[in-house]
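Letters A, B, ... are given to chains in the order of the sequence lines, protein chains preceding strands, and every chain is numbered from 1.
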Number of protein chains: 2
Amino acid sequence: MATMHDVAKLAGVSVSTVSYALTGARPVSEKTRARVQVAMDELGYQPNAIARSLASRRTRIIAMLFPSIERGLSGTALEFVTAAAETARERGYHLVLWPIGDDEVGETRALIHQHLADGVLVMEVRLDDPRVGLLRESRTPFTLIGRTADSEALDYADIDFEATVRDALEHIVGLGHRHIALLSHSKTSHDAGYGPTVRVGEAFSRYMAEHGLGTVIYHCDDSADAGRAAVNELFDTNPEITALVTMNDSATLGAVAELLESGRRIPDDISVLSIVSSPRVGALSHPRLTTMSAPGPELGRLGVTSLIDRIESGDRAILHELVPCRLDLQATTGVPPDRAPYRRPRTANPS
Amino acid sequence: MATMHDVAKLAGVSVSTVSYALTGARPVSEKTRARVQVAMDELGYQPNAIARSLASRRTRIIAMLFPSIERGLSGTALEFVTAAAETARERGYHLVLWPIGDDEVGETRALIHQHLADGVLVMEVRLDDPRVGLLRESRTPFTLIGRTADSEALDYADIDFEATVRDALEHIVGLGHRHIALLSHSKTSHDAGYGPTVRVGEAFSRYMAEHGLGTVIYHCDDSADAGRAAVNELFDTNPEITALVTMNDSATLGAVAELLESGRRIPDDISVLSIVSSPRVGALSHPRLTTMSAPGPELGRLGVTSLIDRIESGDRAILHELVPCRLDLQATTGVPPDRAPYRRPRTANPS
DNA sequence: TTGTACGCGTTATCAC
DNA sequence: GTGATAACGCGTACAA
């Protein structure tokens, strides 16, 4: 529990010299710097983070603001968190978890006014998110993980849903599929303006419309059971469907299980492509899922890096980073039944 | 940015009165308390957490010390983290993530000496963990999530592996199985003294020996691929096995897929019981896995509660909390083939 | 019941 | 290149 005072006394210099030797905020002669170093080593001195924060008005703490939604943090959110914590540490910052409950506004305000954090990482962003206004007004540096509806002037790192859906559908349509359904997150999440649900839905509809194909979107809770129920209903009402694009890990695995159980073959009868997922999740299924993996670690690193840059020099360019999911081709996508790839639908029976 | 000074001036009292009105550390007349309250509301005053910490020598921060192991935090660790953060928040504390890399000792020491945290939650505890010694010497309050080999004098919350394995095997043996294999985590994790791997292995061996049954333990990396490879090798060398107790989510799902693919029926030919898992993971498989679910949220709450209790009154009793996994009966366990339950093995063919 | 004044361990602004 | 010393915003012993 040695303090700067002790170090200064032992080294025979003033406290300010010790401080400057430590931070390098002003030049110190090599001789005295060495003396200070020796004294610090001898006493096992470590600067007190709190005192430093009070005096410098910088805490080197980043708060991760996450709403405690029904399912907690998702699997990919975990990868995000560890990558973010790691990156923060590398730059000498700490990451504190700031769960917020029902009183989003009040708790966000508390975070801001307590001056505990130099910057904020906003998780689970919705299209119209009340936290954003508060943070702007308070002039607290922040980066969105996700995007609001209008985030032109805001720093964000998000998944490029547009590109992801395009890549997904190019793969599926390229195989010859024409009747494709989207199995998405819950209707509730869509109505709440949850970015991934809304954006993927829109991108899907747009792509299908542009290619003269019909749009079937099925919303489904995040559970294998819901996924099982979903496919039953889906193929009851839309028996012509030959491919499923899914964005819902739990439901996807349930759906695959149910399809197999009901006698359908994958991918011979039905193709399945799971987006915003990961090969690790895909490997849990049999046959192994073709997935497009969410860039959780990249987003974690990007978000923290940009946030710290902004904290340390407010004038940097705005971060608008969109990272697409990467395709990992596995066993659940193939050509549709009774039809060779690239042929037009509704054609006469091939001889 | 209002400070106590501003509040005091506006309320016409001294700063100390504001402070006491806030903390209740000494009685304040109802009249002045009301005046102070009005002033605080008017200014939107929030106490500065850092200044408060420096003066009180308490930060109300808990550090979660986790080694960045190969797989990052596991799925149940995520539930643990959110429950811990939530509980901390309810008690007015914050949870900061403290990932440590290769220099475990150095980074733990840094955490301690920086005085940023009032207490530490030690994650991924190994039987012989160097972090424990450091924390003891520094007299920093800490709670283990897991246990060292000798943790008599330490606070810990851990899974009751002994009871979990007993419950698991009573279920399996009760169904009539006699040839049971354990599919566990990697050999590496065992050799590193990773508690779950070691303790479950020991409990398994002991139970089997006590019941006159042979012990087969197979170590396996945490991936579906490794699980697939494992069952192939396992049933090659031990074709008599009729039940698998597993502790390795990814490998289990891979193993189930591979068993089905190789023509075996579950549970008709092989029973599978996945421990230290969860029904959510179990529901990802087809047929749905019988699981024993890890008490992640309970451990998170218990660990944080006990740690805060210790921080706030150092004299409380030592926490030795062992929580068993709960059995969730589903579709992957049943009686072994060619044999009714509870009959002795090696009997003549039933007519 | 309330006010004064010092201390917490740094950083940063003056001087020299 | 170095040293005093005033903030930083709050807690708390002591005094009234």
Grab the CG-P distance between A:Leu116 and D:dC8 for me, whole Å please.
19 Å

When you measure from every atom of DNA chain D, which of residues 37-52 of chain A have a heavy atom less than 4.0 Å away?
none

Where the side chain of B:Ser19 meets the backbone of B:Val15, is there a donor-acceptor pair that is under 3.5 Å apart?
no

From B:Asn48 CG over to A:His113 NE2, what is the distance, rounded to the nearest 0.5 angstrom?
12.5 Å

Just the rounded figure in Å: distance from P of D:dT12 to CE of B:Met4.
10 Å

Counting N and O atoms only, with roles assigned by atom type, does the side chain of B:Thr59 sit under 3.5 Å from a partner on the main chain of B:Leu116, one being a donor and the other an acceptor?
yes

Go nucleotide by nucleotide along DNA chain C from the 5' end; which of B:Lys31 and A:Ser16 gets its closest nucleotide reached first?
B:Lys31

Give me the first and last nucleotide of DNA chain C, going 5' to 3', that has any atom under 4.0 Å from a heavy atom of chain B.
C:dT1 to C:dG9

Looking across every strand, which nucleic acid part, if any, lies under 4.0 Å from B:Val13 by heavy atom: base, sugar-phosphate, or nothing?
sugar-phosphate

Test side-chain contact (heavy atoms from CB on, under 4.5 Å) applied to B:Tyr93 and B:Asp118, B:Val304, B:Ile61, the passing residue
B:Asp118

Measure CZ/B:Arg57 against C1'/D:dA13 and give the value in whole Å, please.
15 Å

Between D:dG9 (P) and B:Leu54 (CG): distance, integer Å
12 Å

Inter-residue atom distance A:Gln37.CD - A:Leu22.CG, 0.5 Å rounding
8.5 Å

For the CG atom of B:Leu65 and the CD atom of B:Glu104, what is their distance to the nearest 0.5 Å?
8.0 Å

Atom CD1 in B:Ile112, atom CG in B:Leu135: separation rounded to 0.5 Å?
4.5 Å

Using a cut-off of less than 4.0 Å, is there contact between a side-chain N or O of A:Thr17 and OP1 or OP2 of D:dG1?
no

Short side-chain N/O contact from B:Ser19 to OP1 or OP2 of D:dG11, under 4.0 Å
yes

Euclidean distance, A:Ile62 CD1 relative to A:Ile311 CD1, rounded to 0.5 Å
5.0 Å

Looking at A:Thr32, I'd like to know whether one of its side-chain N or O atoms comes within less than 4.0 Å of OP1 or OP2 on D:dT2.
yes

Under 3.5 Å donor-acceptor, B:Arg301 side chain and B:Glu86 backbone:
no

